[in-house]
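Just follow the structure's listing: the first ligand is 1, and inside any ligand the first atom is 1.
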Amino acid sequence: MRIFDPHIHMTARTTDDYEAMHAAGVRAVVEPAFWLGQPRTNVGSLTDYFDTLIGWERFRAGQFGIAHHCTIALNPKEANDPRCLPVLDLLDRYLAKDGVVAVGEVGFDSMTAAEEDAFRRQLELAGVHALPALVHTPHRDKVAGTRRTLALVAEVGLDPGTVLVDHLNELTVDLVDDAGAWLGFSIYPDTKMDPVRMVAVLQRRGLDRVLVNSAADWGRSDPLATARTAEAMLAAGFDADQVDQVLWRNPVEFFGQSGRLLLEVDEPDATQTFEGNSLLRGERVS
Ligand SMILES: [Zn+2]
C-alpha cells in the first residue's frame, strides 16, 4: 500500500514518526505552513520557518524515504497579528520555489475582517502563480466559515477544481462538493472525523475529489491516521485500487496541478548532510 498524506506538520514530529510512517506505507507528504502554538513576533520567524519547510524538513523526510512538499502562506490565526502581516509582501518569492505545491493553509480561524483580507490576497496569489489553494476551515462555526470560503473563491474567480477545502465533516461536505472544490478530511484520534466516520462519508459520497489526511502537528494527533483509514476502508469492503485512489492518486492529481510534485526520492543515505547538518548523533562506531 502506498500512502500520500496531503496535510501533516512534520516539523512538529519525531524521527520515530517518520520511521513508523514509512513502515505503514507513507511515501509522500504535503506540509502546509501553519502556526507554532507559540505566537510569532516578527516576519523573520515566518521566513525562517518557510525556509525550513523548503530545505531542512524536505531533507529530513528524504532520509526516511518520504517525498516532502509544502504549501506556503500566512496562516489564518496569525493573519490577525499585525506583527506577521508584512510577510504577505514576501510570499511571491516562496511561491516560485520547487516543491511548493499550493498556497496554504489559508482560510478562516475566527472569521475576522483581518483574516478575510489576508485570505483574499492569498487566493489572488494562487491565481497569479497558477497554484492550487489549501483552505483551512474553522473548528468553530464551521458551516458559516465554509460558506464564506466558497463565496470568496467565487469572488476571486479561482477555478474551484484548484481549491482544496480541508477539515470537513458531515455538515460541510455537501456545500463543498456542490461548489466543485476538492474535499479534505482530517482524521483525528479523539474528536471530529475518525476512520469509521470517514468510511461512511466515502460510502455515501464516492471517492472522486476526496483527500484524507492526518493533519498531525504538535497537538494530540496521529501521523498514521491515513493508514488507519486505509485499513478501515478495506475492512468495509473497498478494494485495494479504491484505497489507492483516495490515499495516493487523488492527492497526486490535486497537487499535481502545481506541476511541482517531487515524488522520486533517492535511497536514504545517513551520511548525507544539509548545510553541514546530518540526522546522526554522537560518534559512530564502525
Ligand atoms: Zn494543518
Inset, instruction - Please report the shortest heavy-atom distance between Phe254 and Ala133, naming the atom on each side. - result: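 Reported closest heavy-atom pair: CZ-O, 3.9 Å.
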Inset, instruction - Mind listing the closest non-hydrogen atom pair of Leu150 and Ala179 along with its distance? - result: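 It is CD2-CB, 3.7 Å.
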Inset, instruction - Look at His167 and state whether any of its N, O or S atoms is less than 2.8 Å from the Zn ion (ligand 1). - result: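 No.
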Legend entry - His7 near the Zn ion (ligand 1) via N/O/S, less than 2.8 Å: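 Checking His7: at least one N, O or S atom is under 2.8 Å.
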Legend entry - Parallel, tilted or perpendicular: rings of Phe50 and Tyr94 (30°, 60°):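 Perpendicular, since the angle between the ring planes exceeds 60°.
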Inset, instruction - Check the angle between the aromatic planes of Tyr188 and His139 and answer parallel, tilted or perpendicular using the 30° and 60° thresholds. - result: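 Perpendicular, since the angle between the ring planes exceeds 60°.
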Inset, instruction - Return the name of the atom in Glu105, of element N, O or S, nearest to the Zn ion (ligand 1). - result: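 It is OE2, the N, O or S atom of Glu105 closest to the Zn ion (ligand 1).
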